[in-house]
Amino acid sequence: MSAIVLAAMLFVGSAIVPATAGAPSTSTAPAATDVVTEEAEDVPAAPSDQGAIGVSIIKISHPVAAPGDDVTIRARITNNTDTAVSGTTAQLTVDYLALTSREQIAAWSDAELLDPVYGDPTDESIPRLAPGASTNVSFTYDPGFHALQGFGPRRLAVSVNDATGRVGVARSFLMYDADGAERAPMQLSVLAAVTSPATDPSDPDAAEIELAQQAADGQRLDGVLQVAEDTDLSLAIDPNVMSSASRSEDPALTEWSDRMVAAAEQTATYTLPNHDLDLAALAHAEVYATGRRSFVRAPRIPNWPIPESWNRGLAWPADGVVPDLETLDLAVATGRQNVVVGGGGLAYEGYGTVTGRADVETPSGTAHAAVTDTTLTQAFVSATDLSGVGSEPAGGATDTSVEASTASSATEGAQRLLADTAAIVSQSPVEPPTLSIAAPRTWTPDADAAISILDTLDEAAWVDTTTLDTLFEQDAQNEGRAPLPKHHPAKAEISPSDVAALEHARDAVVTFSSVAGDKRGQIWRPGVVRLIAPLSVAQRQDPGRRSSIVQQVLQTTNELTHESITVVPREDINFITDVGNIPVRVRNGLDLDATVTVVLRPDHPRLTVDARSEATVPAGQEVDVQVPVRAIGSGDVEVTAQILTPTGAKITDDSSFQVRVRAGWEEVGTWIAAGLVALLFLAGIWRTVRRGKSPYRATSKDVEEATGTSGEALESPPTTSASSVAVPAE
């Protein structure tokens, strides 16, 4: 009976004794304190939600403690105020009761500064801390001394107290396995994205530089690569990123690309739509997004071949929001039946935790959803993400500075994940579920922290880290899940009108490109890539900048399709024949030869066009294209010239000029000219006849008198020969 009373007293004491109460240390070893001083100007003072004094648990020597282990707990204490702090005490408390549900674990993790802590306190004084200064405090805890029993996480807290009460606290878990019983492990996968940041399509060189910076040592894409090389991290890759990196002239970027391809071969790798399209925005715009010309089938520049081992059937809507049925329907319609559903979508409404797989029926077919576990995702990302945004919804700012820090330490993240997974397995000991974590696209991993956490999970007897394909192979468990909304556009989405305008411009580029014949790809491929830039998920981060990019790319596209090939303005034309040609001068501003069709449209039937004229205009040159016409009557006619593609699509705006038509004047003019020539000829003859022999003409007699010789002497005597015969002159 006395044993029962004693146990009851211990239980009540652990439940109601606050950590701030003065109590002797029960630690089996003395606490150690290491002072780490940092200048105030180097570490900005910023009181946290857990108090003015920052507390972070940076080491637990035994992530899963067993009987006989002495557990060392080390915490970092930081003065986040603008004044020096002294007279404070660090205190360790560990509850001996095991938590058995995820709700209890979440309640402890989310508790406020002054909420109770549980367990017998162990105190250690803290030296004076200047503003921004830190100190490390160590405790040693013996679970056997405190008679911990069973399996599961215990509430662990390191708090800081002064004369006024608690001024800082860190809450974590001590995992303890007293029996070492064999348990069927749950399977857990982690998915990360390999995507590019939001870029300006007008400056491709800057986009490549930005990509190179993201892949540099310590940056986002480099961190993802390191984690993928050392763990079972699953990858969702935008092929356009690999295409740009593999063909770059930056050796560091190409090396990163080669390593990423090698790492992708060792894990489950999925391709996202080229340029990581925002499928939800396309679905809500109600454009024809599944056709041959759809942005979903947009090209890569250069056209990098996707490895055969990569799975091409994944859709991953924007982070932080619940995708709706329209988005999943478009994913299925475009051949991407496997869909990542995050943001709390398809939440299980029953008790406990079930495998994160669900089938969703859409008009285009069945979507196979991988339902991410929101709690596990938040715990993992907050302990590994250096970007400072954690798993915030898309649309927030991203800071990828290498000086950023995670919201919680790797140790705190690992212990939270161990605690949650232990509770999950305890609730389903026979058939534990298969779950997944989907890190947001902005995830800038602390590679060492992420690898450490995943290794810690893998070493736990009740968790097997695996790849995402393991989850997709599971049977769907749809029963009891919250339905997805039918139509629920996110605030950060691009507007349907902008999507429609971009789609219209895309059709115009593809149509216009036919002028280049076999080289049409040199026009439409870069043109479409330019138009797709505002439609990437990354552009949700800055909707204002995205709107400017939309206007910019639409203007550039209009200049390409309507101003690169033009009709050169000309003066009015006199057309004085029944049948002839009207020359139309066409200027080609492209760097490719262009084949076009010129059409004339008179505003009056007195001038008719016999046929359209097709011509090839060399790159950067002008050519007169002769268009055959026929005059029926006389008068002034306004003629509109149009340039068409070989497929008949209009290229330029109308160019008009006036033609003065004088039908038959050419023939009349010819007869008049011929008559005038004949009259002149006859007049010359008549004049010559009428004036007769001129009195001023010299005769032979005049010559004899002038020279003193006779006419006969002037003539040469004839010469004869034996064979010649004299022929009298006639």
Side-chain angles (χ1 to χ4, degrees), residues 56-66 69 71-74 105 151-153 156 172-177 180 182-192 217-218 220-235 259-260 262-269 372-373 375-386 390 405-425 432-439 443-471:
S56 178
I57 298 172
I58 60 176
K59 180 181 179 182
I60 295 180
S61 61
H62 295 74
V64 182
D69 292 335
V71 183
T72 298
I73 299 105
R74 175 170 291 184
I105 294 169
F151 166 76
L156 180 153
S172 187
F173 302 91
L174 175 72
M175 284 300 308
Y176 188 68
D177 186 1
E182 185 175 347
R183 295 173 177 83
M186 63 170 287
Q187 294 179 311
L188 178 65
S189 62
V190 180
L191 176 67
D217 290 345
R220 179 171 66 91
L221 295 179
D222 175 64
V224 173
L225 171 59
Q226 292 184 49
V227 179
E229 288 178 327
D230 291 341
T231 68
D232 288 328
L233 181 71
S234 300
L235 298 171
R259 289 175 57 198
M260 180 60 76
E265 291 296 322
Q266 306 303 316
T267 187
T269 301
T372 63
D373 189 287
T375 301
L376 296 180
T377 297
Q378 176 63 39
F380 178 75
V381 172
S382 66
T384 59
D385 189 12
L386 296 172
S405 61
T406 57
S408 61
S409 69
T411 296
E412 292 168 343
Q415 296 305 116
R416 173 63 191 273
L417 290 167
L418 287 172
D420 254 307
T421 53
I424 292 170
V425 171
T434 300
L435 300 176
S436 68
I437 292 170
W443 184 50
T444 305
D446 179 335
D448 292 338
I451 294 169
S452 174
I453 290 173
L454 293 177
D455 287 346
T456 298
L457 289 173
D458 205 35
E459 291 171 359
W462 62 91
V463 182
D464 280 344
T465 57
T466 183
T467 55
L468 188 62
D469 51 2
T470 303
L471 178 60

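All residue numbers in this chain count up from 1 along the given sequence. Note that this is a predicted model, so its numbers are computed, not measured.
- Looking at S61, its side chain never comes within 3.5 Å of a backbone N or O of V71 through a donor-acceptor pair.
- By the side-chain contact (heavy atoms from CB on, under 4.5 Å) test, P185 is found to be paired with D464, residues two or more places apart in sequence or in another chain being considered.
- Qualifying side-chain contact (heavy atoms from CB on, under 4.5 Å) partners for T466, counting only residues two or more places apart in sequence or in other chains: Q187, S189, T470.
- In terms of modelled atom types and a separation under 3.5 Å, the side chain of T411 and the main chain of I58 share a donor-acceptor contact.
- A422 and F151 get closest at one heavy-atom pair: CB-CZ, 3.8 Å.
- By the salt bridge (charged side-chain N to carboxylate O under 4.0 Å, His left out) test, D177 is found to be paired with R183, residues two or more places apart in sequence or in another chain being considered.
- Within the 4.5 Å cutoff, the side chain of L471 has no heavy atoms near those of the L435 side chain.
- Partners of D448 under the side-chain hydrogen bond (donor to acceptor under 3.5 Å, both in side chains) rule, at least two apart in sequence or in another chain, do not exist in this structure.
- When atom types are taken as modelled, the side chain of E412 and the backbone of S172 share no donor-acceptor pair closer than 3.5 angstrom.
- For T465, the side-chain hydrogen bond (donor to acceptor under 3.5 Å, both in side chains) criterion is met by D458, not counting sequence neighbours.
- Rounded to the nearest 0.5 Å, atoms CD (Q378) and CG (D373) are 11.5 Å apart.
- Here the side chains of L235 and V224 are in contact, with some heavy-atom distance below 4.5 Å.
- Side-chain atoms of D230 and Q226 include no donor-acceptor pair closer than 3.5 Å.
- For S234, the side-chain contact (heavy atoms from CB on, under 4.5 Å) partners at least two apart in sequence or on another chain are L191, T267, A268, T467, L468.
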*What do the steps show when you test W462 against L457 for side chain to side chain contact (heavy atoms under 4.5 Å, CB included), and what is the final call?*
CA-CA 9 Å; W462 62 91; L457 289 173; over 6 Å; no
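- Separating the CD1 atom in I451 from the CG atom in D446 is a distance of 9.0 Å, to the nearest 0.5 Å.
- The distance from the OG1 atom of T421 to the CE atom of M175 is 7.0 Å, given to the nearest 0.5 Å.
- Evaluation of the ring-ring contact (aromatic ring centres under 6.0 Å, His included) rule for F380 yields W443 as partners, not counting sequence neighbours.
- With a 4.5 Å cut-off on side-chain heavy atoms, I437 and T372 do not count as touching.
- Counting all heavy atoms, side chain and backbone alike, A449 lies closest to A383 at CB-O, 3.9 Å.
- At distances below 3.5 Å, not a single donor-acceptor pair connects side-chain atoms of D69 with backbone N or O atoms of A65.
- If you take CG on L454 and CG on D232, they are separated by 8.5 Å, rounding to the nearest 0.5 Å.
- The only member of I60, L418, I105, L417 that meets side-chain contact (heavy atoms from CB on, under 4.5 Å) when paired with F173 is I105.
- If you take CG on L221 and CE on M260, they are separated by 6.5 Å, rounding to the nearest 0.5 Å.
- Judged as a side-chain hydrogen bond (donor to acceptor under 3.5 Å, both in side chains), and not counting sequence neighbours, D455 has no contacts.
- Not counting sequence neighbours, S56 has no partner by the side-chain hydrogen bond (donor to acceptor under 3.5 Å, both in side chains) test.
- For E265, the side-chain contact (heavy atoms from CB on, under 4.5 Å) partners are P307, S309, W310, not counting sequence neighbours.
- A search for salt bridge (charged side-chain N to carboxylate O under 4.0 Å, His left out) contacts involving D420 returns R102, R416, not counting sequence neighbours.
- Minimum interatomic distance between S382 and T406 (heavy atoms only, all atoms of both residues): O-CB, 3.4 Å.
- Residues G413 and S408 approach most closely at N-OG, 4.4 Å, considering heavy atoms.
- When all heavy atoms of A447 and G223 are compared, the pair lying nearest together is CB-O, 4.2 Å.
- Taking CD of Q415 as the reference point, atom OG1 of T456 lies at 8.0 Å (rounded to 0.5 Å).
- Partners of E229 according to the salt bridge (charged side-chain N to carboxylate O under 4.0 Å, His left out) rule, which considers only residues two or more places apart in sequence or in another chain, are R259.
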